[in-house]
Structure formats: structure tokens, C-alpha cells
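Letters go in sequence order (proteins before strands), and every chain restarts at 1.
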2 protein chains.
Amino acid sequence: MIDQRHTITRWVSLLYRYGQMYIGERLKAHGIGKGQHIFLNALYKEDGLSQEELSSYLKIDKGTTAKALKKLEAQGYVLRQVRAEDKRSYRVFLTEKAWRIKDEVRGVLTDWRHILSDGLTEEEQRLALELLEKMGANAARFIEENDKTPKA
Amino acid sequence: MIDQRHTITRWVSLLYRYGQMYIGERLKAHGIGKGQHIFLNALYKEDGLSQEELSSYLKIDKGTTAKALKKLEAQGYVLRQVRAEDKRSYRVFLTEKAWRIKDEVRGVLTDWRHILSDGLTEEEQRLALELLEKMGANAARFIEENDKTPKA
DNA sequence: TTAAAATAGTTGCACATGCCACTAATTACA
DNA sequence: TGTAATTAGTGGCATGTGCAACTATTTTAA
């Protein structure tokens, strides 16, 4: 019925939304929402980051970051320690409870990647990541340049 | 500081969120939100579809579709006509006001694609679309199969 | 050294999105 | 034919997300 030509933007939208559904479904049982897993995964890689560092690494708004961490803290997955050297900021640490489910949380992303990669060769998977990375870097550069408020 | 290895999922998230920001910013002046442009674009391709058809084509929840169309109708961009043959459903038509901004609305997506494609060869762009399409189809198949409520 | 600018984090608001329960109409079938 | 099942659309709820205004602290510079 409709012309089936899809665009990059359209597929990105589908992949994002469906990925969120999958992740949300898989983590629901732990009381972790689809907006929080990304922070857990970042902290598994490097524990003790500040919210600012998480925000800028993940390129997620600091308000969103604050809310996600608040939930993770309420669920007992992270705790926040005011830094002595700079009392404005925290260090965010994973709790034992968070470390205990590390493999499971990381497994959700791994599994989703496997679902997406079905039928793709190793080479295609590598290429997909490389091209997404290039486009992502372009997007980030553009958006970040354009919200620098013109000084004048 | 943090290991810079990003995954497909991470880049998809960034591309989606930044794309939404870009689109929202560009269409704000027309009173069109970032959640509505996708429906306009689908209708530019084929006018007069039902909400059901739009939902299933775009793979967007029918509740979300209903709300987006309600906004577009309130802004005078679409109107809905009950079908005589099936009084449960509408045909959604673009108004003259919507047709007038067609090039501009479509241009937003084109421009965003150009931003993303900066530094990519034609061949890479083709590949990117092809790989996204394959992964998108995998995602859709998985999600759609898994929410078929087991009959038993 | 003090006043101004920058920075980390919080909160409220608006909006997008999916899910679910619901209504009204249509279709299937006993 | 009449009842059950299915379908199109709506509305409420929960959550994620970005933005903007705000506070508290730290840094810069006059």
C-alpha cells in the first residue's frame, strides 16, 4: 500500500523505540526502567563518576541524568558521595546489589545486539557500528556546535 | 577517562535523541512538535490513510498515533473523515495548509540526513541504510512475534 | 579580596511514547 | 439470526527526555 522506502531516520527511530521496549521488558523484574540501564552500564565500565561526567559521556541532559540516578539510588543500586574537593558534585558508586546483577544487565544489551545482528556477517556488523559511529559523531558535532549561545 | 567503545545501541540512542532535537527545533515555528512530523511525512506520500494504517506502517502505538493526529488536526494540518464503509475508522487527509509547507517539512529530514552523511561516500550511505534496514527488520520481527499473546 | 562568571546538581514543565482498559462498530460462526 | 470475537479509535497513566530557571559552590578577574 505505501511505498516501502524507509530512510535512515525512520529506521533509527524504530530501532530506538523497539530497543527501549526490549530493555524495559527485560529489566522490569529488577525495578530498573529503560531510562536507567544506560547509567548502570556506564558505571560498570567506570565506577565513581560524577553526574556531569555521566551526562557528557552519554550525551544525556543533566536533568535526565539526575532523575535516573535518583531512581537508581532509591532502588539501592547506586549511592552518591559528595566530593570533598568540590562540594557541588558527587561521585556515583555502584552498590553490591548492582554488582550482583552486572552480567544480567550487560546481557540484556548483548542479547539485543544479537537479535539485531541476525543474518549479518561479522564484517557487516563491524561496518554497521563504524557507520553509526560516523553519523553519530556528525550529529553530536552539529548539535553541540549549534547550542553554543553566540557570544554576541 | 572512560573507555570510548560505543555500541550500536548507544549510537542509535544518540542519533534518535539528537534527531528529535533537530526536528523539533526546525518545526517549532509551525507549531509542529517532534512527534508529529513523521505522520505528516507519511501522509505526503499517501494521503487519506486510516490511523490504523499509519500506526502499522510507522510501527507506532495506536494511542500515540491518535494523540499526534489530534494535535495536527487542532493546528489545522489534517482533517479526519469517518469512512462510510466502516464507521469505526477515519480517513486522515492533509489540508491545504499542510500541503503548503510540504517542501519545508520534507526538507528538515533531508537536511538532517545530509548532516549525518557528512564525510560518508555514496556507497557508505547506501550501506548504512541497508544495514539499518536489516537490523530494523530483525527488531520488528522479534518484537512483533513476542507480543503475540500465546493463545493458550 | 571581593564581585562576577562559570559549574554541578535539582526541580518543574512540556511533550512523546507505550500500555491498558474502554467504547462503538464490524465480522465470524454456531 | 444472534452472540461472541475482532477491530479502530480514545483516554488515562507511567515513564523518559530536554529545557529553563534556580541554588550552592567554585573559579576568574578587576
- Note on the structure: To the nearest angstrom, the NZ-C1' distance between B:K28 and C:dA14 comes to 13 Å
- Item | DNA chain C-proximal residues of residues 64-80 of chain A, any heavy atom under 4.0 Å | A:A66, A:K67, A:K70, A:R80
- Phosphate-side-chain proximity, B:Q36 and C:dC15, N/O vs OP1/OP2 below 4.0 Å: no
- Message: Nearest to the side chain of A:D61, heavy atoms from C-beta on, is which of C:dG9, C:dG18, D:dG18?
- Response: D:dG18
- Could you state the OH-P distance from A:Y22 to C:dG18, rounded to the nearest angstrom? 18 Å
- Note on the structure: Here the ring pair (Phe, Tyr, Trp, His ring centres under 6.0 Å) pairs for residues 81-138 of chain B, sequence neighbours left out, are B:Y22-B:W112, B:Y44-B:W99
- Item | Whole angstrom value for the distance that separates C1' of D:dC19 from CD of A:E144 | 16 Å
- Side-chain contact check for A:K87: nearest option of D:dA8, C:dC19, D:dT25 is D:dT25
- Item | Interatomic distance, A:E53 CD vs C:dT7 C1' [rounded to whole Å] | 13 Å
- Message: For D:dG16 and A:Q20 - does any side-chain N or O of the residue sit under 4.0 Å from the phosphate oxygens OP1/OP2?
- Response: no
- Message: Just to be sure I understand the rule, does A:G33 reach a base, reach only the sugar-phosphate, or reach nothing, if contact means heavy atoms closer than 4.0 Å?
- Response: sugar-phosphate
- Item | Side-chain H-bond candidate by donor/acceptor type, B:E144 with A:Y18, under 3.5 Å | yes
- Note on the structure: On DNA chain C, more 5' by nearest nucleotide between A:V92 and A:M21 is A:V92
- Message: Looking at B:K97, I'd like to know if its NZ atom is crowded, meaning that more than 12 non-hydrogen atoms belonging to other residues, nucleotides or ligands lie closer than 6.0 Å.
- Response: yes
- What's the CZ-C1' distance between B:R17 and C:dT17, to the nearest Å? 15 Å
- Message: With a 4.5 Å cut-off on side-chain heavy atoms, are A:L131 and B:E124 touching?
- Response: yes
- Under 4.0 Å between a side-chain N or O of B:Y16 and OP1 or OP2 of C:dT17? yes
- Note on the structure: Rounded to whole Å, OH of A:Y18 lies from C1' of C:dT17 at a distance of 13 Å
- Message: Quick check on the hydrophobic clustering: are B:L109 and B:I101 connected, directly or via other members, by side-chain heavy-atom contacts under 4.5 Å?
- Response: yes
- For residues B:M21 and B:K34, determine if any side-chain heavy atom of one lies less than 4.5 Å from a side-chain heavy atom of the other. no
- Query: Between D:dG18, D:dT26, C:dG18, which nucleotide has the shortest distance from any of its atoms to the side chain of A:R88?
  - Reply: D:dT26
- Note on the structure: When B:D86 and A:D86 are each assigned the nearest nucleotide of DNA chain D, the 5'-most assignment goes to B:D86
- base_contact_polar (C:dG9 base, A:K62 side chain, donor-acceptor, <3.5 Å): yes
- Query: Under 4.5 Å between side-chain heavy atoms, hopping through other hydrophobics if needed: is there a path connecting B:L129 to B:L127?
  - Reply: yes
- Query: In whole Å, what is the span from the CD1 atom of B:I23 to the C1' atom of C:dA16?
  - Reply: 13 Å
- Note on the structure: Heavy-atom nearest nucleotide on DNA chain D taken for A:F39 and for B:E52; more 5' hit belongs to B:E52
- Item | Which residue lies more 5' along DNA chain C, comparing A:R91 with A:K34 via nearest heavy atoms | A:R91
- Message: Applying a 4.0 Å non-hydrogen cut-off, can you work out what A:S50 is touching in the nucleic acid: base, sugar-phosphate, or nothing?
- Response: sugar-phosphate
- Task: State whether A:Q51 places a side-chain N or O below 4.0 Å from either non-bridging phosphate oxygen (OP1 or OP2) of C:dT10.
- Result: yes
- Message: Can you confirm whether the side chains of B:R106 and B:T110 place a donor and an acceptor under 3.5 Å from each other?
- Response: no
- Can you tell me if the side-chain N/O atoms of A:Y90 get under 4.0 Å from OP1 or OP2 in C:dT10? yes
- Atom NE2 of A:H37 to atom P of D:dT17: distance rounded to whole Å? 9 Å
